[in-house]
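Here the structure comes first, spelled out in structure tokens, and everything after it is commentary.
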Amino acid sequence: MCGIVAYIGPREAYPIVLKGLKRLEYRGYDSSGVALLNKGLKVYKKKGKVAELEDSLIGKDLHANTGMGHTRWATHGEPSDRNAHPHTSANGKLAMIHNGIIENYTQLKQELTKKGYKFHSDTDTEVLLNFIQDIQEHNECGLEEALRIALKRVVGAYVIILLDHDNPDTIIAARKGSPLVIGVGKGEHFLASDASPIIEYTKEVVYVNDYELAIIKADELVLKNLGNEKLTPFIQKLDLELAAIEKGGYDHFMLKEIFEQPATIFDCLRGRLDVAAGTITMAGVQKNIEKLTSANRIVMVACGTSWHAGLVAEYVFEELCRIPVEVEYASEFRYRNPVVREGDVIFAISQSGETADTIVAIEKAKENGAFIFGVVNVVGSSIARVSHAGAYTHAGPEIGVASTKAFTAQLAVLIMIALKIAWEKGTIDQQRYNHLLQELHEIPEKVAEALRHDDEIKRIANKYKDAQDFLYLGRGYNFPIALEGALKMKEISYIHAEGYPAAEMKHGPIALVDKDLPVVFVATKDSYHEKIISNIQEIKARKGMVLAVISEGDETITGMADDIMIVPEADELVAPLLSVIPMQLLSYHVGIAKNLDVDKPRNLAKSVTVE
Ligand code: G6P
């Protein structure tokens, strides 16, 4: 969370920084700001989205060849002009942007206050900046040396970028725990939280590692560790096209990403699943097959939507591989001293690969001897690097804050891994194995079919858009989809929504049911079908409104429900890949009907790099 971008080179910095901020806005949009270094240091910042900053700068002199910008997701201090980044040091010479949290900032602030420093914001960032200034003055050293000393005292996570009035031809950056990519151009450099602001200028990038400092001039990139030793930058080629991060004719990224799913799932299966040969080829799985098949237990660790993918995977792995599975919120797992031993396999599931809680959870599990397998979308991200092995989901950049295509790609990868382990372990017979390979193979086309019902779902969304609450119910493989449907509705439409196992509903939520409560049943044809039909009747008997996700041709539920959302029939094990599609579309259309910013829902950020 928080997006940072910077440029140094012969071009005008401001347009590059501004465009970069717009691309990174998914990371936070409480406020934004830019610092430009020309003859002097100019800082402009504004509460609200990047467009508001842009409007406020019309007519200003923005000429500079060095500049940086920040789009904020507030942690310390409310969203406001004064808490917006960049911050300026007390002597006015340094400007800094920061993504992360300085955990010991209170102590540092007290020390600085005693020395007479005054603060103009509530942020931890301003504290760190003045701490750096103080070291610089006290030690009579340059900014680079002062930063190195400061970072040795800092507890927390950061990417910081510094501009120095006295050194206009240099940008200094440092990273620990939050992402930083440097684009290497001809006589110019670009810095950003991810590659999206960079790709139209250069495809050569360096991913900065934790505890590294970058000293960047237009034509020079020097990487050092905190011990002041020079490191050789590892330049990688970006495998990303500009079109992948643009809306491509859709009104919103969320809608584009929902409709991309036939292609993204296909990409995810491509080269891995071979129905004719009866094989699944995944290098990370194959190389570690011993570890995976002999696992004592599997723990799925994740947050948000990725946690829901972990829940589906629990059902799949237990069914196919006969290995006990637990699913953990990374934020709980990391703090509660869990029992983790050698022989445990931890699956870290993450779209961004940068979720702070997930990173720390797997680092701890790793220390205790567990084997870490990453299921990650962003190539080269922190979780991909911390994991012992992994499989990328290949969903392409996901920009809409609410996760859609990354989720279905996670499911596809996890199901393939489970099938591979089950086959190697001998816990699945040939017929079922071949059947499930075929079922997975058919999923992209079936998702396309499910998407053809978009207009119908839009009509349903308009009918229920004014509801105060929604209840989502499902059983078995579809229970996690009920949770995911409720999460999507909350995120995108700001309507309170609760997901529950359909049978458990009788132990509480049924008290909420009346004629005004829409109850969404995720009720595709599976081994629980008769049971869920009884649950639907229980709701109807209490005058609740029933919206049901059903398999094509399900006359029974069609006759009972107020509204139906149809998906093609599929084996229950792969059905979540289909039943989630109407859930995504429903929340999208309710959000649109309520005139909300579906790509940037309030208070949320896509990549949660703070605890
Ligand atoms: C945030 C996003 C969610 C996402 C979650 C986990 O809350 O808004 O869409 O599911 O983080 O992120 P990850 O990148 O680890 O999957």
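Counting convention: from 1, in listed order, for ligands and their atoms alike.
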Between Tyr494 and Arg602, is there a cation-pi geometry (under 6.0 Å to ring centre, at most 45° from the normal)? yes

CD1 (Ile102) and OG1 (Thr123) are apart, to the nearest 0.5 Å, by 10.0 Å

Ligand 1 atoms nearer than 4.0 angstrom to some heavy atom of Thr305 are 10 (O)

Do any nitrogen or oxygen atoms of Gln410 come within less than 3.5 Å of a nitrogen or oxygen of ligand 1? no

Is there a polar contact between ligand 1 and Ile349, counting only N or O atoms under 3.5 Å apart? no

heavy-atom search around atom 2 (C) of ligand 1 in the protein gives Lys606 O, 3.4 Å

For Thr355, the ligand 1 atoms with a heavy-atom partner under 4.0 Å come out as 12 (O), 13 (P), 14 (O), 15 (O)

So NZ of Lys420 and OG1 of Thr281: to nearest 0.5 Å the spacing works out to 6.0 Å

Does a sphere of radius 6.0 Å around NZ in Lys49 hold more than 12 heavy atoms from other residues, nucleotides or ligands, not counting ones at 6.0 Å or beyond?
yes

The side chain to side chain contact (heavy atoms under 4.5 Å, CB included) partner of Thr404 among Met583, Glu260, Glu398 is Glu398

closest protein heavy atom to atom 8 (O) of ligand 1 is Ala605 O, 3.2 Å

A student checking ligand 1 against Ser306 at a 4.0 Å heavy-atom cut-off should list atoms 10 (O), 13 (P), 16 (O)

Check your understanding: Can you find an N/O atom of Thr358 closer than 3.5 Å to an N/O atom of ligand 1?
Key -> no

Take Asp194 and Ser196 through the test side chain to side chain donor-acceptor pair (under 3.5 Å) and record every step on the way to the result. CA-CA 6 Å; Asp194 72 28; Ser196 61; 2.6 Å; yes

- Query: Salt bridge or not for Asp344 and Arg341, using N-O below 4.0 Å?
  - Reply: no

The closest protein heavy-atom partner of atom 7 (O) of ligand 1 is Val608 CG2, 4.0 Å

Self-check item: Aromatic ring pairing Phe373/Phe347, orientation class (parallel under 30°, perpendicular over 60°, tilted between)
Solution: tilted

Numbered in order shown, the ligand 1 atoms found under 4.0 Å of a heavy atom of Ser350 are 13 (P), 14 (O), 15 (O), 16 (O)

d(Gln584 CD, Ile581 CD1) to nearest 0.5 Å is 4.5 Å

Residue, atom and distance of the protein heavy atom nearest atom 6 (C) of ligand 1 read Cys303 O, 3.4 Å

For Ser403, the ligand 1 atoms with a heavy-atom partner under 4.0 Å come out as 9 (O)

shortest atom 9 (O) of ligand 1-to-protein heavy-atom contact is with Val401 O, 3.3 Å

